[in-house]
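Below is one structure; the comments refer to it alone.
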There are 2 protein chains.
Amino acid sequence: MRRLFLTIQYDGSAYHGWQVQTNALSVQEAFQNAVEKVFEKRLDVKGCSRTDSLVHANMYCLSIDTEVNIDPENVILALNTYLPKDIAVIDCKEADFDFHPRYSCKSKEYVYKIYNGKIRNPFLEKYALHYRYELDEKYLDKEAQSFIGTHDFCGFCSIKSDVEDTVRTVKSISVKREGDMVLITVEADGFLYNMVRIMVGTLLFINEGKIKEGELKEIIESKDRRRAGKTAQPQGLYLNKVNY
Amino acid sequence: MRRLFLTIQYDGSAYHGWQVQTNALSVQEAFQNAVEKVFEKRLDVKGCSRTDSLVHANMYCLSIDTEVNIDPENVILALNTYLPKDIAVIDCKEADFDFHPRYSCKSKEYVYKIYNGKIRNPFLEKYALHYRYELDEKYLDKEAQSFIGTHDFCGFCSIKSDVEDTVRTVKSISVKREGDMVLITVEADGFLYNMVRIMVGTLLFINEGKIKEGELKEIIESKDRRRAGKTAQPQGLYLNKVNY
């Protein structure tokens with residue numbers, strides 16, 4: 001038996017998130033189908049994280065255990081032959097049996113893309129949130145620094161979640177502009193359900209003056225979901241890095 | 001009666017080209033549907049060009065004649081409300097009645113995008129040709145210059161075409177790299193059916209040594225479709241500029 005540690009990328013537009021669902025196609029299921037073709041057996045695929053419907057991944061890590069002896073380079077080639085074109089394996093290596101893609105993870109980084117052009121861009125419809133109003137990225141970058149540190153983020157978590165420990169440590173956050181694109185990048189030791197999307201929605205409220213300068217700290221401490229912003233649309237969100 | 005001249009952009013992934021088809025959705029039909037909602041009448045929409053299935057447009061021009069008196073700025077807003085998200089109107093102005101989006105056009109520019117990474121990129125699947133082998137863009141740029149000038153391009157035209165005059169003037173062509181992306185940009189007074197895609201396929205044959213250095217001139221003069229390269233996939237092709 002051996003454990004393989006794989007890094008993949010996917011365009012999540014056609015999928016109902018990572019995790020296997022009844023009645024809806026998930027990335028995990030599409031991946032398991034390809035694994036079954038290559039390894040001639042339905043193997044358990046362990047992922048590093050759930051992701052929401054329509055969310056993308058520039059980097060997503062997973063592991064599979066197998067007795068089949070295929071060279072990691074050939075695992076990449078074989079899986080990419082059978083995977084749908086919107087999922088690609090970009091790396092594969094051997095891992096120890098105490099390695100787990102989810103529990104061994106030290107931190108994750110998400111990036112949220114906002115297209116800030118006046119008129120919508122048809123090519124970005126599934127790949128960024130379209131926000132047509134003026135956006136002051138420098139002001140938001142400054143205000144966003146209140147997220148940094150160890151906080152109880154239960155005000156930044158969808159009520160659908162039943163996680164008990166809602167304390168997380170945000171290591172860094174930045175709001176940067178590249179032309180008409182604004183990128184919000186957040187690294188944390190872990191994320192609650194919809195946490196990044198609510199953080200982004202809250203920053204947009206700050207941009208619109210619905211939340212005042214310096215008020216964010218208080219909103220985090222209030223642990224009150226109603227004081228944070230709306231949950232931003234999923235299609236702008238990318239799992240960007242997984243650190244072990 | 002007035003003539004409106006509109007500039008649009010579209011992601012062609014979901015469409016069977018510009019022109020109305022029986023049993024398949026075209027950009028023109030989707031556009032006419034939106035026009036009907038805004039102008040409360042099914043109007044004739046005249047486009048600047050046919051485009052193939054799955055081909056995109058960074059800039060596409062069209063005209064409509066109407067008696068309805070809506071301000072051009074509001075035409076943009078209203079149409080964008082009713083258009084599917086993969087089509088956007090980016091400009092609208094009044095035009096003279098002797099203006100025709102197709103016949104008044106002086107030249108068009110296409111760009112063809114080649115993703116030259118070793119492993120496929122799931123985000124570029126519908127937006128670029130994936131070419132995994134080494135690509136010498138400087139050599140191709142030099143060889144491509146043979147396309148420039150007025151030639152009978154009937155060797156660079158799909159046999160499905162029944163156009164009589166196959167003489168066209170290529171004004172400029174370039175092959176440029178931006179990281180893993182290679183962009184082939186061609187401007188001409190007009191293009192034959194599949195012409196850019198066959199030009200690109202021919203450049204890839206040159207890259208692979210299947211066509212020798214300096215041989216392209218002779219292939220153009222031969223007017224023999226069998227001597228040119230394969231027709232490159234449609235999803236890398238973008239109508240990029242329309243000059244009047």
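Naming convention: chains lettered A, B, ... in sequence-line order (proteins, then strands); numbering from 1 in each chain. Treat the numbers as computed from the prediction; the structure is a model and nothing was measured.
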Counting heavy atoms not belonging to B:Y82, are there more than 12 under 6.0 Å from its OH?
no
Within 6.0 Å of CZ in B:R50, more than 12 heavy atoms from elsewhere
no
With a cut-off of 6.0 Å (strictly less than), are more than 12 heavy atoms of other residues, nucleotides or ligands near OH of A:Y133?
no
Atom CZ of B:R102: over 12 foreign heavy atoms under 6.0 Å:
no
Exceeds 12 heavy-atom contacts within 6.0 angstrom, atom CD of A:E134:
no
Which region of A:L77, side chain (C-beta onward) or backbone (N, CA, C, O), has a non-hydrogen atom less than 4.5 Å from a non-hydrogen atom of chain B, or is it both or neither?
neither
For atom CD of A:E40, is the number of surrounding heavy atoms from other residues, nucleotides or ligands below 6.0 Å larger than 12?
no
Chain A neighbours within residues 115-132 of chain B, where any heavy atom lies under 4.5 Å away:
B:I119, B:R120, B:N121, B:P122, B:F123, B:E125, B:K126, B:Y127
